[in-house]
J.: 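Take a look at this one; I'll ask things after.
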Amino acid sequence: MAPIKWNRIFEKIQNKSGKEKITIVVLTGILLLVISLPTGSKSGQTETNENTQTRQTGLSESAKSYETVLEEKLEKALKKVEGVGEVSVVITLKNTSEKIIAADSDYSESVIQESDSAGGVRSTTQQSGSTSNIYYDTQEGSEPYVTKENMPEVEGIVIVAKGGGDGNVCADITAAAEALLGVPAHKIKVLKMN
């Protein structure tokens with residue numbers, strides 16, 4: 001490939017008339033703009049599709065993840081208890097997580113008192129207010145600003161353990177599940193593992 005002779009190119013441009021110079025500059029600018037634009041690669045599209053799918057199913061995945069973490073935590077704790085042996089835990093959640101979104105509130109109140117010539121007084125109170133959610137910008141668009149996320153409630157627990165046939169071990173397992181997860185005893189069932 002022959003080297004580019006920039007001096008010759010610039011000399012040719014200088015010899016052109018005013019309209020031709022402007023046309024060359026505009027075309028060069030468009031060429032540079034087109035070169036600098038990112039191309040729509042398939043990997044970028046795949047990332048966008050995955051992000052969209054994650055956001056659409058985010059609550060259920062979050063609840064499943066929370067459920068799994070609780071099950072693993074309880075299993076790990078129960079395996080260390082004497083007489084329990086091998087253990088398997090299944091937790092059912094009552095609902096999904098609840099996100100509390102930050103809001104900007106504007107409230108005003110004005111009181112107008114009027115008196116007439118007969119000595120009567122009339123008082124009028126006028127109230128107005130508005131609330132709007134607070135959003136922040138992300139690459140995918142605007143998202144609500146979450147101040148707090150309440151995790152789902154545990155509906156019930158089934159614990160299958162090798163030592164589940166012993167009454168004392170069942171009582172210990174039930175007490176441990178009550179203490180760790182705050183679930184009442186009537187929502188905990190302990191079974192003996194085969």
J.: Hey, what do you get for OG1 (Thr124) to CD (Gln126), rounding to the nearest 0.5 Å?
T.: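 Rounded to the nearest 0.5 Å, the OG1-CD separation comes to 8.5 Å.
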J.: Quick check: closest heavy atoms across Ile188 and Val183, and the distance to 0.1 Å?
T.: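 The pair with the smallest heavy-atom distance is CD1-O, 3.8 Å.
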J.: Does a side-chain heavy-atom distance below 4.5 Å link Leu70 with Glu72?
T.: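 No, too far: nothing below the 4.5 Å cut-off.
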J.: For the side-chain contact (heavy atoms from CB on, under 4.5 Å) test, which of Ile91, Val89, Leu191 pairs with Val158?
T.: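 That would be Leu191.
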J.: Inspect the surroundings of CD in Glu82 and state if more than 12 heavy atoms from other residues, nucleotides or ligands are less than 6.0 Å away.
T.: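 Atom CD in Glu82 is not crowded, with 12 or fewer foreign heavy atoms closer than 6.0 Å.
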J.: What closest approach, in Å, do Gly164 and Val190 show between heavy atoms, and which atom pair accounts for it?
T.: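 Closest approach of Gly164 to Val190: CA-CG1, 4.3 Å.
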J.: With hydrophobic residues grouped by side-chain heavy-atom distances under 4.5 Å, do Leu181 and Val160 end up in a single group?
T.: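 Each belongs to a different hydrophobic cluster.
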J.: Could you give the distance from OG (Ser132) to CG (Asp104), rounded to the nearest 0.5 Å?
T.: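 Between Ser132 OG and Asp104 CG, I get 5.0 Å after rounding to 0.5 Å.
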J.: Leu78 versus Ile159: any side-chain heavy-atom pair under 4.5 Å?
T.: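 Side chain of Leu78 against side chain of Ile159, heavy atoms only: contact under 4.5 Å found.
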J.: Roughly how far, to the nearest 0.5 Å, is the NZ atom of Lys76 from the CD atom of Glu71?
T.: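 Spacing of CD (Glu71) from NZ (Lys76) equals 15.5 Å.
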J.: Quick one: pull up CD1 in Ile101 and OH in Tyr135 and give me the separation to the nearest 0.5 Å.
T.: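 One gets 6.0 Å once the value is rounded to the nearest 0.5 Å.
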J.: With a sphere of 6.0 Å drawn around NZ of Lys189, does it hold more than 12 non-hydrogen atoms of other residues, nucleotides or ligands?
T.: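 No, NZ of Lys189 has 12 or fewer neighbouring heavy atoms, counting only those of other groups under 6.0 Å.
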J.: With a 4.5 Å limit on heavy-atom distance, are the side chains of Asp172 and Thr174 in contact?
T.: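 Asp172 vs Thr174: side chains apart.
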J.: Return the minimal non-hydrogen interatomic distance between Leu74 and Ala177, and the atom names on each side.
T.: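 Closest approach of Leu74 to Ala177: CD1-CA, 4.1 Å.
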J.: Please examine the side chains of Glu143 and Tyr136, heavy atoms only from C-beta on, and report whether any two atoms are closer than 4.5 Å.
T.: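 When only atoms from C-beta onward are counted, Glu143 and Tyr136 do touch, with a gap below 4.5 Å.
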J.: Can you check whether Val87 reaches Val81 side chain to side chain, under 4.5 Å on heavy atoms?
T.: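 Contact flag for Val87/Val81 side chains = no.
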J.: Looking at every heavy atom in both Met193 and Ser88, which two are closest together, and how far apart are they?
T.: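 Here Met193 and Ser88 meet closest at CE-N, 4.1 Å.
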J.: So do Ser110 and Thr125 actually touch side chain to side chain, heavy atoms under 4.5 Å?
T.: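 Result no, sub-4.5 Å side-chain heavy-atom pair not found.
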J.: Could you pull out the closest heavy-atom pair between Ser123 and Gln113, with the gap in Å?
T.: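 Heavy atoms of Ser123 and Gln113 come nearest at OG-CG, 3.9 Å.
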J.: Between Asn168 and Ala171, is there a donor-acceptor pair closer than 3.5 Å when you use the side chain of the first and the backbone of the second?
T.: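 No; zero donor-acceptor contacts below 3.5 Å.
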J.: Got a sec, which residues hit side chain to side chain donor-acceptor pair (under 3.5 Å) with Glu109, two or more places apart in sequence or on another chain?
T.: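 Listed in chain order: Tyr107.
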J.: Tyr66 versus Leu93: any side-chain heavy-atom pair under 4.5 Å?
T.: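 In short, these two side chains touch, coming nearer than 4.5 Å.
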J.: Just to verify, what does Ser130 make a side-chain contact (heavy atoms from CB on, under 4.5 Å) with, not counting sequence neighbours?
T.: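 For Ser130, the residues satisfying side-chain contact (heavy atoms from CB on, under 4.5 Å) (neighbours in sequence not counted) are Asp106.
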J.: With no hydrogens and no angle check, just 3.5 Å: does a side-chain donor-acceptor pair link Thr92 and Glu155?
T.: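 No.
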J.: Rounded at 0.5 Å granularity, tell me how far CG in Asn95 sits from CE in Met151.
T.: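 Answer rounded to 0.5 Å: 10.5 Å.
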J.: Quick one: are Val146 and Ile100 in side-chain contact, heavy atoms under 4.5 Å?
T.: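 Heavy-atom side-chain distance check fails, nothing below 4.5 Å.
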J.: Within this structure, what is the CD-NZ distance for the pair Glu149 and Lys99, rounded to the nearest 0.5 Å?
T.: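 Going from CD on Glu149 over to NZ on Lys99, the span is 5.0 Å.
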J.: Identify the two heavy atoms, one from Ala161 and one from Ile173, that lie closest to each other, and give their separation to 0.1 Å.
T.: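 The pair with the smallest heavy-atom distance is CB-CD1, 4.0 Å.
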